[in-house]
Every structure is written in C-alpha cells, then in structure tokens.
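All remarks here apply to the structure that follows.
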Amino acid sequence: MSHHFDTPTAKEDPRLNICDFYLFRGRPGTTVMALTVNPNAGVGAPDTFRDEGLHAFRFDTDHDFREDVTFKVQFGAPAYADGGEDRHVQTFAVRRATGADALKGAAGDLIISGDTGRVVKSDQGCLAYAGLAPDLFATNGAGFGAFRKALWSENRFAPEAFQNGQSFFADNNVTAIVLEVPSSLIGQGVVHAWATASLYGHAPGSCRMNWTRPHHSALPPSTAAASATT
C-alpha cells in the first residue's frame with residue numbers, strides 16, 4: 001500500500017496522491033488491476049484526473065525488479081458533463097508498453113479508450129473504468145478516539161466504544177482506474193507488480209513519481225504483497 005503524500009508532487013496535487021493498488025484474478029483468463037488516487041475527490045479535491053498525469057501499472061515478469069510490461073493511462077482535459085456544472089468528464093486512453101518503452105515515457109500500443117464515468121469494453125477483451133468511486137477505507141474515528149482515551153488515560157479496556165459507530169470515511173470518494181485485461185497481455189507465472197502516478201511532459205524525460213505496491217494481490221502470492229500469479 002501507499003504512504004500518502006509520498007512526494008512533493010502528491011502534496012501539491014491530490015490527483016497524483018496514490019491511495020491504494022489492487023491486483024486480483026478477474027473473469028477466467030483475465031487479471032484485474034485497480035489504482036485509487038485523490039482522497040476526498042469531489043468534495044475537498046477535484047473530481048477529475050490530472051490531464052498532465054501519467055498513471056501506470058507496472059509488471060516485472062522476469063524477476064529482475066524492473067518493469068517488462070506497463071499499462072499507461074492518460075487523460076484529456078476536463079469538460080462539464082451533461083446535467084450540470086458539478087460533474088466533469090474526461091477522455092482517457094490506455095496503452096500497453098513492453099521493452100524499453102515499459103521503463104519510461106508515455107509510448108505504447110493503444111488497447112482501450114473512452115470517457116470517464118462509465119465502463120468501456122474493447123475488441124481485445126479488455127474492460128476499463130475511470131472515475132469517482134467510494135473510498136473503501138473504513139474506520140470508526142470517534143470509537144477509536146474513545147478507545148484510545150480509555151486505554152491510555154484511564155488504563156481500561158473499552159471495546160464498547162466501537163458499538164454503533166460510523167465510518168469516518170463513509171461519505172468520501174476517491175478517483176479510481178480499473179482495468180481487466182487478458183492475462184496473456186501480462187505474462188505467465190509469478191509476476192511482481194506496482195503502480196505509479198507521475199507528472200509527464202513538463203520537460204524532456206521529466207517524471208516525478210509516486211508509487212505503491214499491491215494492497216491485495218492475486219493468489220497464490222510469492223513474495224509478500226508485491227507478487228501475483230497470472
């Protein structure tokens with residue numbers, strides 16, 4: 001998982017602040033990868049993706065801890081969605097890169113594209129969604145505070161503090177990128193995977209990166225949470 005605000009870039013723009021990365025089996029023969037960014041999206045932060053950002057799912061298939069296959073996601077400029085000025089829509093494109101292109105840059109073969117806010121399907125069997133999603137992180141903030149006070153200030157165990165609680169994150173959204181691709185587009189056997197969010201294009205070769213390992217991985221794992229079998 002990510003430590004929030006890993007980089008100055010993430011502190012400056014929450015749309016490049018990684019929340020979590022998920023990796024798991026999808027439909028037969030497919031793998032699902034999901035990346036969430038932008039905590040409190042649409043409330044305390046924009047409901048859009050950074051159009052100068054490059055979000056990437058990176059896979060090491062030969063165990064040298066360097067990416068061999070990368071799925072790169074980029075977004076167009078935000079526009080108002082139909083139905084009001086409170087919601088925005090963007091175009092997005094997903095490219096698959098291998099070899100030297102997997103390591104850096106935005107180059108790659110286009111595998112799927114569409115608009116945010118809806119599920120898109122490609123002829124290659126890929127599915128993609130990019131847009132607002134509920135924050136899956138949950139905590140009983142008030143209960144935790146009361147429990148901690150009882151433990152440290154009163155030297156007593158107070159599990160009743162968590163009764164009838166409400167998640168502090170109940171009404172929060174993030175922006176999510178979810179891809180389901182044929183596993184053959186990744187590789188066979190055990191792979192290592194991570195995700196990045198960076199600014200791209202400000203200067204030749206510039207790339208300021210925030211990265212995370214998987215929060216959940218496909219079974220069976222090989223090394224901690226950074227490996228999965230495809």
- Query: Under the 3.5 angstrom rule, does the side chain of Lys72 hit a backbone N or O of Gly105 as a donor-acceptor pair?
  - Reply: yes
- Task: Is it possible for you to say whether Leu16 and Val174 belong to one hydrophobic cluster, with membership spreading through side-chain heavy-atom contacts below 4.5 Å?
- Result: no
- is_close_aromatic(Phe162, Phe144), centroid dist under 6.0 Å: no
- Message: Quick check on the 6.0 Å ring-centre criterion: do Phe59 and His192 meet it?
- Response: no
- In Gln74, His55, Glu52, the residue satisfying side chain to side chain contact (heavy atoms under 4.5 Å, CB included) with Tyr200 is Gln74
- Message: Hydrophobic clusters here meaning ILVMFWY residues chained together by side-chain heavy-atom distances under 4.5 Å, can you tell me if Val73 and Val120 are in one?
- Response: yes
- Would you check if there is a donor-acceptor pair between the side chains of Arg58 and Thr196 at a distance under 3.5 Å? yes
- Excluding sequence neighbours, so at least two apart, what forms side-chain hydrogen bond (donor to acceptor under 3.5 Å, both in side chains) with Arg27? Glu180
- Query: What residues, two or more places apart in sequence or in another chain, satisfy ring-ring contact (aromatic ring centres under 6.0 Å, His included) together with Phe92?
  - Reply: none
- Would you please indicate if the ring centroids of Phe57 and Phe71 are separated by under 6.0 Å? no
- Can you hop from Val178 to Phe24 via hydrophobic side chains spaced under 4.5 Å? yes
- Say whether, by atom type as modelled, one donor and one acceptor occur between the side chain of Arg96 and the main chain of Leu185 under 3.5 angstrom. yes
